[in-house]
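Step one of this worksheet: look at the structure below.
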Amino acid sequence: MSLDVQSLACARGGVRILAGVSFAVARGEALILRGPNGSGKTTLLRTLAGLTPPLSGKVAAPPEGVAYAGHADGLKAQLSVAENLAFWAGVFGATGISAAVDAFDLAELLDRPAGNLSAGQKRRLSLARLLVTGRPVWCLDEPTVSLDVDNVARFARAVGTHLAAGGAAVIATHIDLGLPGAKSLDITPFTRAHQPRRPHHDDPFLSEGAL
Amino acid sequence: MSLDVQSLACARGGVRILAGVSFAVARGEALILRGPNGSGKTTLLRTLAGLTPPLSGKVAAPPEGVAYAGHADGLKAQLSVAENLAFWAGVFGATGISAAVDAFDLAELLDRPAGNLSAGQKRRLSLARLLVTGRPVWCLDEPTVSLDVDNVARFARAVGTHLAAGGAAVIATHIDLGLPGAKSLDITPFTRAHQPRRPHHDDPFLSEGAL
Amino acid sequence: MPDLGRYATEVLSAYAVTFLLVAVLIGASVWKARKVLRQLREAENRRGSST
Amino acid sequence: MKGLLLRDLRLAIRAGGGFGLGLAFFLIVTVLMPFGIGPETGIITAVAPGILWVGALLACLLSLDRIFALDWEDGSLELLATSPLPLEALAGVKALAHWLTTGLPLVAAAPVLAVLLNLPVPGFGWLIASLAVGTPALSAIGTFGAALTVGVKRGGLLLSLLVLPLYVPTLLFGAEVARRGAQGLDALTPLALLAGISLLALAAMPFAAAAALRVNLR
Amino acid sequence: MKGLLLRDLRLAIRAGGGFGLGLAFFLIVTVLMPFGIGPETGIITAVAPGILWVGALLACLLSLDRIFALDWEDGSLELLATSPLPLEALAGVKALAHWLTTGLPLVAAAPVLAVLLNLPVPGFGWLIASLAVGTPALSAIGTFGAALTVGVKRGGLLLSLLVLPLYVPTLLFGAEVARRGAQGLDALTPLALLAGISLLALAAMPFAAAAALRVNLR
Amino acid sequence: MSIWEYANPRKFMATSGALLPWVSALAAILVVGGLVWGFFFTPDDFRMGSSVKVIYIHVPTAIMGSSAWFMMLVTSLIWLIRRHHVSALAAKAAAPVGMVFTLIGLITGAIWGQPMWGTWWEWDPRLTAFLVLFLFYLGYMALWEAIENPDAAADLTSVLCLVGTVFAVISRYALVFWNQGLHQGASLSLDPEQNVADVFAYPLWTCIIGFLFLFLALVLYRTRTEIRARRLRALIQRERMA
Ligand code: HEM
Ligand SMILES: Nc1ncnc2c1ncn2[C@@H]1O[C@H](COP(=O)(O)OP(=O)(O)OP(=O)(O)O)[C@@H](O)[C@H]1O
Ligand SMILES: Nc1ncnc2c1ncn2[C@@H]1O[C@H](COP(=O)(O)OP(=O)(O)OP(=O)(O)O)[C@@H](O)[C@H]1O
Ligand SMILES: [Mg+2]
Ligand SMILES: [Mg+2]
């Protein structure tokens, strides 16, 4: 089992957003997170990646950890595409960047400063970073934003390869990614609006009775 | 005729990206710009909005000007949703923000600081800004990024209303927006790769012969 | 060599500093000119061979 | 334009205490200086007007990069540039907002700090006058510098490098007014010259800043 | 970690001349001070060590907000936090990179500026020694401050406010070393104390900074 | 044919290539000749002793240090008004040269100050204004480096040059007001009463003209490099976009 989530409650900025989330993603599996805007996909992914501590419940991730890619690209405008990738390869102890470059067709852009790329090119570069992390579980937040149709397909292939190699992925998205065997999870039932009123609150100042 | 573009050449960072672009958008019409990542949609829209001067050719826009919405949201994290909208309404001399709030269903978010919104909520707010500009021509760069299906439909309705009121819109996007009568323009033929080599260059340092 | 008297250090160091700085300036200019010229040649060749 | 000014003031207050911060920085520099200089009161009194002026100048400097950079980063500057507001007015309003949040509090606080540095009491009036007349020039010149470097990420240091030489005449006359005032000499002439510089800066800078913004937005 | 250090140095150089800028700022502050204080050489010489130390401190201060803010804004900091690199190492490397781009050049340039302020020649050695020993503390403490304020947009002024009080002991002993050195008195004791502060800051700050980062990233 | 023809990069390269050897030779002959003349074949001054020999480098470099800024002002204006690229690049090329000459003027002045005034540095308006000029050079060059798009950099540095000039002039007056000073007045003025003796004046003039030619040679040479670098940049960008 690659990622195992049990009755997780997540908060953002001190407010509980989700509660009672449980699911498991095995090796070779992808899970698509669905839910309307503001339902808490980003919040959940940040908790899975270990950036925000969970309010309650637990996340069992593999010991090598999770690779996270959020709404922001995390690129250095002054460094070239190759330098950006090589830096992350160095941080994660990867051996080379060529596989990542090939998977996202970055060969022609290698010498360009990342700041001069178009929105979709930047996104491709930031997705290529996932391949140099060598991590088994990917947590991706709307990875295909501003990608054109060809590049969405390229991304789907990259995810497919990752899964085939025994990886796992949790992907929040609003569009159809074209990943054949992927399970899908709608997080709406776990949001506050759909939860029963609970006697026990996460915020100690919210317990019953006026002050 | 609302927007009339004649043999326009656009540059980004001093490099010519597009040449020979000509089209016209009449009142009540929408034009969808298509093209793969990095083909020059953003560059073209910035030129239409008057941010970058054209290399050659001309853009005839209505005297009231063009409303532009780019990849960046242009929101102030510390101001509430209502304050953000009211500010732009003030700048553009609009009378109120309630139409914009209704069109993008922002009523529940009005008091929230814009920095605490989710990606899709931010995007809705930044689209609502278009309604308070009161400008007849909208130039939108991938407006539906991170919107869920309901909100894409909401956006399409807002564009429809704008067109019905005699407005016009130029929209770059990779997905299907569900705008019925919209024309579509693929900009690939105007990119450098598809242009004949020209003897005369836009850059005086590129003329033939070594230095 | 003229007798510089008690100002020898001052005068000589002034001249030395001047020569040093001018030499650095000329050296840097030549170095950059060479580098740019070499790179430009390479770029022109690439361009020539590709067309 | 009023809306823009109000927004900028509101942002300055919400984003971590606009008014207070410049003031606090001013206070700290003034307090630190004696630590650096050593405890002899005589020397401190002699250099007090200069320290106060340099402190005011640095407090201005540190807040300059907020003028345009925030709007640049989140895309508001592009949107403002396509709005009906001319860029010259934008630059003027920005300079005004900067002065209101930085210069004005300094003027108000200067006498208190002057006490800390043992400035002679008759000099207080002149100190306040010099700051009141001089700080608008600092804001106007700084707005120009901020417009020049708006495209440079975290260009705070570059901005200081460009702006500080431009601050020289303002600082010279400002400190001269304060110093002469403290010594009971005639301070009207430098004050008039300082006012001249301020007027020049206020009149010319919005145009230079707008030109720089236009280039940077291309 | 080496990769991170190299990246930071490279960024500092590309993003508008990292090494040169701190230096230039130092130079300018040193030049501005006499403008404020007045041209009398005697007074300037008396306050020279203090001015140099305050100048160095401000040059550090102005570049602090680059330490984490850029990585925060573009999302790299989140990615680094989920990487195998412990946040403590990250903070240490960042402090080192900051010192290499800011502190080190200041140490090298100080004697030249000392000439401008007529510092007596025997004091030069002590001035350099005090800066060499003291600036690492400035970078380490500053890194902690930067980690505390990383979530605040353009928190430059807030950062200065937090960090300045923490800088007081370093400044006190540093300027004391330089002053005693210039006057030919014994400067070894304050130098030893300064070294103690530096060691303490270097040892403790990475942990404090990492804790602050962890909170800010939540 | 108008003078603006020379603003075309190709034309400029041809002309400057032909001129450069002559200008450099002249510069070398005049500078070396003037310095040798001054250093070996002039007597000591009755007041300043042998230290007067510093004048042959101090004065020419100081003059060129400020003239270089003036040249940059003119070329910046030409760029802003007529948008000739070579003009902007010439300003960029001149800045480091002017900066180094200013630095030499400062250092030799400081060295000279020690025997003459008993101090390395004095907050004299002349000297201080010169120091401020040096700071302007630093800022100007830093701005060129910081901005990536060459045309935008040319625009912004030109505006900075204009604004900076105005403030440099104001600073000069402010400094005189602030401190009356020690430094020599004009010693090569038209008024024969004030002038230095002819023995010093002739080699001095040779050096001034020599340094002028040295400046010209360096600026021509560096402008050629800048033009090539600009073309290199354009070529590389086109390669990448293709
Ligand atoms: C750091 C110290 C000094 C600096 C920065 C400095 C700077 C200058 C400058 C800017 C000029 C003006 C050139 C022009 O544009 O006409 C100049 C000229 C001159 N300096 Fe200095 N100077 C310094 C020290 C000295 C000293 C110590 C002496 C001799 C006692 C001296 C003697 C002269 C003379 C004779 C001229 C020529 C004046 C003229 O013909 O206009 N300078 N210096
Ligand atoms: N910093 C914050 N402080 C408080 N509330 C926040 C903060 N960030 C987000 N929220 C709120 O938390 C809820 C969940 O946000 P989240 O970003 O997880 O949504 P999402 O599912 O990713 O939405 P989207 O599809 O728009 O990206 C939203 O209602 C949002 O307004
Ligand atoms: N600042 C810049 N300097 C130089 N080239 C740039 C700059 N910004 C973008 N480019 C290049 O210009 C081309 C067009 O970019 P543009 O952003 O217009 O593409 P786009 O069609 O909007 O792409 P996307 O769908 O990815 O947003 C791209 O090849 C890009 O790499
Ligand atoms: Mg989200
Ligand atoms: Mg785009």
Side-chain angles (χ1 to χ4, degrees), chain B residues 10-15 42-43 45-55 61 63-80 82-94 97 113-115 122-123 125-126 129-130 132-135 137-141, chain D residues 1-21 63 65-94 96-98 101 147 150-153 210-218:
Chain B
C10 322
R12 188 78 175 277
V15 186
T42 301
T43 311
L45 286 171
R46 286 178 59 91
T47 313
L48 295 183
L51 285 169
T52 319
L55 278 182
E64 302 93 327
V66 165
Y68 172 76
H71 287 296
D73 279 329
L75 304 176
K76 288 291 160 199
Q78 291 91 3
L79 298 185
S80 72
E83 283 167 337
N84 266 298
L85 263 185
F87 164 65
W88 289 112
V91 167
F92 283 92
I97 61 169
K122 278 187 189 145
R123 177 70 17 182
L125 173 53
S126 86
R129 189 185 60 83
L130 291 171
V132 303
T133 62
R135 295 246 164 125
V137 180
W138 289 359
C139 289
L140 313 182
D141 201 355
Chain D
M1 286 177 49
K2 212 183 99 210
L4 186 63
L5 181 64
L6 286 180
R7 180 191 76 149
D8 270 22
L9 295 182
R10 199 178 274 157
L11 280 174
I13 296 169
R14 296 222 187 130
F19 291 95
L21 283 183
S63 45
D65 70 338
R66 300 182 69 116
I67 296 185
F68 291 117
L70 287 174
D71 281 346
W72 165 269
E73 279 162 17
D74 63 17
S76 315
L77 199 58
E78 288 185 350
L79 300 177
L80 282 169
T82 57
S83 81
L85 208 66
L87 281 180
E88 284 77 10
L90 175 72
V93 171
K94 288 280 182 179
L96 178 59
H98 181 259
T101 49
V150 71
V152 183
K153 279 225 160 191
L213 280 182
R214 224 163 261 132
V215 172
N216 271 321
L217 278 170
R218 274 213 292 258

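Within every chain, numbering begins at 1; the chains are lettered A, B, ... in the order of the sequence lines, protein sequences first and strands thereafter.
Taking chain B as the reference chain and counting heavy-atom pairs below 4.5 Å, the highest number among D/Gly75, D/Ala81, D/Pro84 is found for D/Pro84. Put simply, of B/Gly74, B/Gly70, B/Ala72, B/Ala49, the one with the most heavy-atom pairs under 4.5 Å next to chain D is B/Gly74. In terms of heavy-atom pairs under 4.5 angstrom with chain B, the leader among D/Leu85, D/Leu80, D/Leu6 is D/Leu80.
With salt bridges taken as basic N to acidic carboxylate O contacts below 4.0 Å, one links B/Arg46 and D/Glu78.
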(request) Take D/Arg7 and D/Asp71 through the test salt bridge (Lys or Arg N to Asp or Glu O under 4.0 Å) and record every step on the way to the result. (result) CA-CA 12 Å; D/Arg7 180 191 76 149; D/Asp71 281 346; 2.9 Å; yes

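Both the backbone and the side chain of B/Phe92 come within contact range of chain D, with heavy atoms under 4.5 Å apart.
You'll find the side chain of B/Leu75 stays beyond 4.5 Å of the side chain of D/Asp74, heavy atoms only. Taking the side chain as every heavy atom from C-beta outward, B/Trp88 and D/Leu79 approach each other to under 4.5 Å.
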